[in-house]
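Written out below as structure tokens is the structure these notes cover.
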Amino acid sequence: QVQLAESGGGWVQPGGSLRLSCAASGSIFIIDAVAWYRQAPGQQREMVADITRGGIKNYADSVKGRFTISRDSGTNTAALQMNSLKPEDTAVYYCNVRYYKRGRLFSTDWGQGTQVTVSS
């Protein structure tokens, strides 16, 4: 099975930056899209950004202009550059990958995520 490992979270002050990384491992597959989600305490998981096959990027309104998603197919990694962080960005961040295998589309299970805390 395809497995994901998120990293790069931490504790930063408002206005600071973090770069999250998502590494995929497992059997050979072709990525269709990669998405970053986040879940704050007591709230539902929400999509933050995704990048589709072909490089089309989408962002939640709350992070537009501050976050940038990217993908490196050569290393099977994806990143989320987060700038101008706000306290409301505090959450556990997860990545999820949609991929092809045997001509069908699958999505990965949720990993452990990485904690992002923004506070003074």
Side-chain angles (χ1 to χ4, degrees):
Q1 299 294 108
V2 177
Q3 296 178 328
L4 302 177
E6 300 98 338
S7 62
W11 188 357
V12 298
Q13 299 182 40
S17 298
L18 284 173
R19 184 177 178 86
L20 307 184
S21 180
C22 176
S25 63
S27 60
I28 298 175
F29 61 93
I30 300 174
I31 294 174
D32 183 66
V34 179
W36 282 96
Y37 292 77
R38 68 186 181 187
Q39 186 170 26
Q43 301 185 26
Q44 296 182 343
R45 194 182 341 248
E46 63 176 350
M47 192 187 77
V48 175
D50 69 2
I51 179 168
T52 65
R53 183 180 183 182
I56 300 174
K57 301 175 181 180
N58 302 284
Y59 299 95
D61 289 341
S62 59
V63 307
K64 285 182 178 178
R66 300 188 297 118
F67 291 10
T68 303
I69 188 170
S70 61
R71 173 165 53 89
D72 186 341
S73 60
T75 58
N76 287 333
T77 58
L80 184 69
Q81 178 66 44
M82 305 185 296
N83 299 324
S84 302
L85 284 163
K86 305 175 181 179
E88 50 263 45
D89 295 319
T90 297
V92 178
Y93 284 72
Y94 304 87
C95 65
N96 191 268
V97 179
R98 186 186 184 194
Y99 62 96
Y100 290 99
K101 182 169 289 186
R102 300 184 301 278
R104 300 186 65 186
L105 288 173
F106 299 84
S107 61
T108 55
D109 294 331
W110 299 112
Q112 294 296 111
T114 185
Q115 176 71 49
V116 172
T117 302
V118 185
S119 65
S120 299

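We're numbering straight along the sequence, starting at 1. Worth saying up front: this structure is predicted, and the values here are computed from it rather than measured.
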Could you report the tightest heavy-atom contact between [X] and [Y], atom names first, then the distance?
X: A40; Y: A91; result: N-CB, 3.8 Å
X: N83; Y: S17; result: OD1-OG, 2.9 Å
X: G8; Y: T114; result: N-OG1, 4.0 Å

Q: Applying side-chain contact (heavy atoms from CB on, under 4.5 Å) between V34 and each of T52, T108, I51, N96, report the one that passes.
A: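 So the option named by the test is I51.
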Is there side-chain contact between [X] and [Y], with heavy atoms separated by less than 4.5 Å?
X: I30; Y: R53; value: no
X: V48; Y: Y59; value: no
X: V63; Y: R38; value: yes
X: E6; Y: L20; value: no

Rounded to the nearest 0.5 Å, what separation is found between the [atom1] atom of [X] and the [atom2] atom of [Y]?
X: Q81; Y: S21; atom1: CD; atom2: OG; answer: 11.5 Å
X: D32; Y: Y99; atom1: CG; atom2: OH; answer: 12.0 Å
X: R71; Y: C95; atom1: CZ; atom2: SG; answer: 13.0 Å

Could you tell me whether [X] atom [atom1] has more than 12 heavy atoms of other residues or ligands within 6.0 Å of it?
X: R98; atom1: CZ; result: no
X: Q115; atom1: CD; result: yes
X: Q44; atom1: CD; result: no
X: E46; atom1: CD; result: yes

Q) Who passes side chain to side chain contact (heavy atoms under 4.5 Å, CB included) against S84, sequence neighbours left out? A)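 Testing S84 for side chain to side chain contact (heavy atoms under 4.5 Å, CB included), a comparison that skips the adjacent residues, returns R66.
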(Q) Run the side chain to side chain contact (heavy atoms under 4.5 Å, CB included) test against W11 and tell me which residues pass, sequence neighbours left out. (A)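 Applying side chain to side chain contact (heavy atoms under 4.5 Å, CB included) to W11 gives T117, S119.
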Would you kindly confirm whether [X] and [Y] end up in one hydrophobic cluster when ILVMFWY residues are joined by side chain heavy atoms under 4.5 Å apart?
X: I31; Y: I69; result: yes
X: F67; Y: V116; result: yes
X: V92; Y: M47; result: yes
X: V118; Y: L18; result: yes

**Q.** Lys/Arg N to Asp/Glu carboxylate O, K86 vs D89, below 4.0 Å
**A.**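 Here K86 does not pair with D89 in a salt bridge, since their nearest N and O are not under 4.0 Å apart.
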Q) Distance-only, no hydrogens or angles: does the T77 side chain make a donor-acceptor pair with backbone N or O of A23 under 3.5 Å? A)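 Checked: no pair found.
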Q. Hey, would you say the W110 and Y37 ring centroids sit under 6.0 Å apart?
A.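 Ring centroids of W110 and Y37 are less than 6.0 Å from each other.
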